[in-house]
Amino acid sequence: MKLSLVSMIATCVLLHMFYTRADDDEATIEVEQESDAVAESIPYSTPKPIGNVYLAEHFDDPGAFEKRWIISQAKKDDAEEAIAKYSGKWSVEEAEKNGLVGDLGLVLKSKAHHHAISSRLDKAFLFDNKPFILQYEVRFQHGQECGGAYLKLLSHTKGLDLKRFHDKTPYSIMFGPDKCGTDEKLHFIFRHKNPKNGSFEEKHWKRTSSIPKFDDIFKDKKPHIFTLKITPDNSFEVLIDKKSIQKGSLLEDFSPPVNPPAEIDDPEDSKPEDWDEHAPRQIPDPSAIKPEGWLDDEPEFIPDPDAEKPTDWDDEMDGEWEAPLISNSKCTIGCGKWKPPMIDNPNYKGKWKPSMINNPNYKGKWKPRKIPNPEYFEDLNPYKISTIEAVGFELWSMSDGIVFDNIIISDDPLVVDQWTEDTWALKKEIVDRETENVLVRLVKYTNKHPWLWAVYVLVIGLPVVLFISFCCTTTPTSKVNFLNNILSILFVSKKCYRFL
Ligand SMILES: *[C@@H]1O[C@H](CO)[C@@H](O)[C@H](O)[C@H]1NC(C)=O
């Protein structure tokens with residue numbers, strides 16, 4: 001009880017100090033100033049690609065943006081009239097928080113609207129014989145409930161009209177994140193041209209494993225970069241924030257597969273009338289005869305005639321207890337019905353069963369016969385995706401404030417790496433310093449106000465001490481007393497807190 005009194009007084013004093021000190025907002029002002037200082041201490045200038053690019057869009061020049069990017073005036077094909085228009089607003093702005101000074105991005109502005117905006121590349125990208133690298137940055141400033149943030153790479157087609165960009169506009173590749181509720185996706189779709197009849201079919205990337213912490217990108221409000229690399233050997237790689245998510249092959253990792261099966265089920269074939277799918281694979285051998293002298297009724301185990309009752313037998317071990325009993329002083333050796341242990345029966349044969357033979361009537365599951373697939377083709381070079389002429393966002397979103405930035409298409413990995421260093425890497429530094437700062441600031445602040453250490457010790461230590469003390473008191477009476485003491489401490493603390 002003495003100990004409880006001491007800790008009670010200590011809590012009271014510390015609470016008093018905590019509440020009086022917490023009033024000064026010196027701390028919050030410090031935090032905001034530091035955050036601005038971090039952004040200002042990382043100088044940013046509009047990036048310039050160091051080599052060949054097909055597009056390198058940083059959105060920093062609003063004048064150039066207006067000329068180059070076209071907001072769609074089309075209507076979405078299969079939507080209800082009220083929401084059929086691409087009426088979502090776009091703007092070019094700095095990030096709301098922790099952005100680089102002077103760095104603008106393309107921002108999706110309207111909740112629950114269709115948005116469509118697109119821009120021609122500087123020059124078309126032909127999938128002839130060079131690597132294709134696409135990278136862009138997404139930041140969900142307000143998180144994401146339900147909506148996409150993927151990019152469409154629009155195909156070169158006769159009379160491609162960006163003012164009429166809509167959901168059916170042919171694209172070569174669609175790539176990027178998408179989410180609705182708990183369904184989070186990273187799309188990578190390419191449209192493959194059927195070499196037999198020239199029609200296009202969407203091929204969807206089959207992810208082989210889940211992406212660690214993928215849901216974070218939708219809620220952490222930090223900038224993330226998505227990278228897609230496709231090489232002329234038909235391999236591809238997907239990266240998020242420079243980390244490889246999957247390497248794979250256009251020929252193997254897509255659904256439906258690029259190449260159809262060589263054989264298909266014969267549609268003409270049908271299951272014969274007398275086909276019994278349920279006949280068992282094996283049946284008892286009808287020609288088997290039970291050997292003479294087979295003993296069906298002989299038990300498998302018999303008592304060992306040579307065994308003797310052990311001298312220290314104790315029937316209590318059988319557990320056949322019913323009413324409270326006292327130990328029978330007569331049972332020094334053993335009580336109850338004694339049974340000798342079991343041994344294998346030398347005469348055991350078990351129930352007779354005829355041996356098994358293959359069932360002459362067995363057919364199994366019926367399968368139609370195979371014929372060559374009339375639509376078969378083999379395209380060994382799906383890398384040759386349709387030429388890309390423009391990029392566009394065609395999105396529905398329930399959350400606004402999505403920033404897109406630093407879209408680059410190149411055939412040179414070094415160009416993309418440098419672009420990343422000049423853009424996303426700087427933003428990441430701000431974000432990293434921010435996170436680091438929370439802890440560093442806490443320690444700094446505590447060092448300035450050392451009494452806080454006592455609060456930490458008390459807040460963490462007291463419950464532990466109380467718990468241990470409670471567990472170590474043995475009798476129920478002392479446990480009750482202990483609880484009474486705790487309750488009275490709480491009661492007094494409350495009074496003390498009110499008094500303050
Ligand atoms: C081309 O072939 C594919 C697959 O064989 C088929 O699904 C599609 O309907 C065909 N398209 C045309 C235009 O014939």
Side-chain angles (χ1 to χ4, degrees), residues 72 74-79 84 116 118 120-121 124-129 132 134 148 150-176 178 180 183 185-208 228 230-236 238 246 248-271 365-392 394-396:
S72 174
K75 281 192 176 188
K76 203 174 151 76
D77 249 13
D78 48 6
S118 57
R120 269 173 220 278
L121 306 188
F125 188 96
L126 259 78
F127 289 85
D128 42 18
N129 200 17
F132 166 80
L134 161 70
Y150 43 82
L151 189 61
K152 282 182 174 177
L153 305 180
L154 306 181
S155 305
H156 169 77
T157 49
K158 237 183 270 165
L160 171 66
D161 179 4
L162 299 187
K163 281 204 198 77
R164 311 242 16 104
F165 173 35
H166 61 109
D167 56 326
K168 302 282 175 1
T169 304
Y171 64 86
S172 301
I173 292 171
M174 178 174 137
F175 176 65
D178 192 10
C180 205
D183 186 16
K185 290 193 186 111
L186 182 57
H187 293 290
F188 169 21
I189 303 169
F190 70 96
R191 288 173 73 252
H192 178 252
K193 186 174 180 176
N194 182 326
K196 275 197 103 160
N197 65 12
S199 70
F200 283 87
E201 190 173 44
E202 283 181 7
K203 306 295 176 187
H204 292 246
W205 172 34
K206 284 190 295 188
R207 233 161 60 198
T208 48
L228 173 63
I230 303 174
T231 40
D233 64 356
N234 300 307
S235 60
F236 73 88
V238 170
Q246 191 181 321
S249 155
L250 298 181
L251 285 163
E252 281 149 33
D253 300 299
F254 285 79
S255 172
V258 166
N259 291 307
E263 282 192 324
I264 56 163
D265 291 343
D266 184 353
E268 307 281 284
D269 198 8
S270 62
K271 186 159 92 176
K365 218 174 147 43
W366 180 82
K367 280 186 210 126
R369 98 183 138 242
K370 294 281 183 188
I371 54 161
N373 181 357
E375 285 166 352
Y376 180 72
F377 59 80
E378 192 175 29
D379 178 358
L380 293 176
N381 207 0
Y383 158 82
K384 291 197 178 293
I385 298 170
S386 313
T387 299
I388 299 167
E389 188 174 340
V391 295
E394 193 265 309
L395 303 167
W396 165 269

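This chain uses plain numbering: 1 for the first residue, then up along the sequence. Values below: all heavy atoms of this structure, side chains included; hydrogens, waters and symmetry mates excluded. Order of appearance sets the numbers: ligands from 1, and atoms from 1 within every ligand.
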Quiz item: For Ser386, does its backbone N or O pair with a side-chain atom of Ser172 as donor and acceptor, under 3.5 Å?
Solution: yes

Quiz item: How about atom 9 (O) of ligand 1: does it have a protein heavy atom within less than 4.0 Å?
Solution: no

Exercise. Starting from atom 4 (C) of ligand 1, find the nearest protein heavy-atom neighbour and note its residue, name and distance.
Key: Asn194 ND2, 3.7 Å

Quiz prompt | Backbone N/O of Leu251 and side chain of Asn234: donor-acceptor pair under 3.5 Å | solution = no

Practice problem: Enumerate the atoms of ligand 1 whose separation from the nearest heavy atom of Ser199 is less than 4.0 angstrom. | Solution: 1 (C), 10 (C), 11 (N)

Self-check item: Closest protein heavy atom to atom 12 (C) of ligand 1, given as residue, atom name and distance to 0.1 Å
Solution: Asn197 ND2, 3.1 Å

Self-check item: Under 3.5 Å: donor-acceptor pair, side chain of Lys384, backbone of Asp128
Solution: yes

Practice problem: Mark yes or no for whether Asp266, through its side chain, and Glu268, through its backbone, hold a donor-acceptor pair below 3.5 Å. | Solution: yes

